[in-house]
Protein chains: 2
Amino acid sequence: MLFSECQIDTATEVLKSISHPIRLKILCFLLEGEKNVGEIEQKFGSTISNISQHLTVLRKADIISRRKDANFMFYSLKDKNIIALMETMKKLFCQ
Amino acid sequence: MLFSECQIDTATEVLKSISHPIRLKILCFLLEGEKNVGEIEQKFGSTISNISQHLTVLRKADIISRRKDANFMFYSLKDKNIIALMETMKKLFCQ
DNA sequence: CTGATTTTTTATTTAAAAATTAAAAATAAT
DNA sequence: ATTATTTTTAATTTTTAAATAAAAAATCAG
């Protein structure tokens, strides 16, 4: 078999976290570099509370990290594995 | 922006479809070649009805296709994009 | 034709995810 | 200190997905 039970669980959690239109858009946006919550909200609409909750989902799945600056919170992609996955997605779904 | 609205929708649908432990395992299993519903059910447990429903989800997302032979239904991976995605997943999550 | 096998479909129940709204923290500005 | 800004958290409602069980199709074997 390709995956162990534990790898299946990890992969499922990551995939589930990025399987939402808003979260997928956020991840694409973060490919440009770190952004604060307001910038993300302005870019994609929805409410800032809703965006914040989606960011929490991504953060709990270890996909993004954040840095505080005054009362702004800057979010960015956490590791190069996620970037690699996004690049593959781009190649497969954006021709 | 990296994705258009429509590409986001397509990508989200595909990701959502594969973001389930049983469905992810089925896809791995199908990397070996086509299998019928009973073979999949035996491999991973659950009920045959449940497996059939998961296969329907994958089929509606255009990820797998099927071929009828008597009263057996053989399923297989539909395209190489999905295989490429699975290979990337393997590289990223199975080290 | 009858009964057995394989799979799908439908209906119901249960559980999880998403959106909305309101309230709460934390910091900054006056 | 008070007020405004930015973000998070919590509570509620709504929506969607999953599992289970039962019934229905389709084909095969006798």
Spacing between [X] atom [atom1] and [N] atom [atom2], to the nearest angstrom:
X     : N      : atom1 : atom2 : value
A:R66 : D:dT6  : CZ    : C1'   : 13 Å
A:I51 : C:dT20 : CD1   : P     : 11 Å
B:L58 : C:dT8  : CG    : P     : 12 Å
B:L24 : D:dA17 : CG    : C1'   : 17 Å
A:H54 : C:dA19 : NE2   : C1'   : 8 Å
B:R67 : C:dT6  : CZ    : C1'   : 15 Å
A:L55 : C:dA18 : CG    : P     : 13 Å
A:E13 : C:dA16 : CD    : C1'   : 14 Å

Given [options], the nucleotide with the shortest approach to the side chain of [X]:
X     : options               : answer
A:K68 : C:dT6, C:dT8, C:dA26  : C:dA26
B:N50 : D:dA19, D:dT7, C:dT7  : D:dA19
A:M73 : C:dA18, D:dT7, C:dT7  : D:dT7
B:Q53 : D:dT8, C:dA19, D:dA19 : D:dA19

Quiz item: On DNA chain D, nearest-nucleotide positions of A:I48 versus B:T47: which is more 5'?
Solution: A:I48
Indicate, yes or no, whether a donor-acceptor pair under 3.5 Å links the base of [N] to the side chain of [X].
X     : N      : result
A:E41 : D:dT7  : no
B:E39 : C:dT6  : no
B:S49 : D:dA21 : yes
A:N71 : C:dT27 : yes

Quiz item: Out of curiosity, B:I82 CD1 to B:D62 CG, how far, rounded to the nearest 0.5 Å?
Solution: 9.0 Å
Practice problem: Report yes if at least one side-chain N or O of A:H20 is closer than 4.0 Å to OP1 or OP2 of C:dA19; otherwise report no. | Solution: yes
Exercise. For A:Y75, answer base if it contacts any base atom (sugar-phosphate contacts may also be present), sugar-phosphate if it contacts only those atoms, and nothing otherwise; contact means non-hydrogen atoms under 4.0 Å.
Key: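 Sugar-phosphate, backbone atoms only, no base.
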Practice problem: Report yes or no: is the cationic atom of A:K35 (NZ for Lys, CZ for Arg) closer than 6.0 Å to the six-membered ring centre of A:F74, at no more than 45° off its axis? | Solution: no
Quiz item: Is it true that B:E5 and A:K25 have a side-chain N and a carboxylate O under 4.0 angstrom from each other?
Solution: yes
Quiz item: Looking only at side chains, do A:S19 and B:S19 share a donor and an acceptor under 3.5 Å apart?
Solution: yes
Self-check item: A:E39 and A:N36, any side-chain heavy atoms less than 4.5 Å apart
Solution: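 Side-chain contact under 4.5 Å: yes.
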Quiz item: Between A:R23 and A:D69, who's closer to the 5' end of DNA chain C by nearest nucleotide?
Solution: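 Result of the comparison: A:R23.
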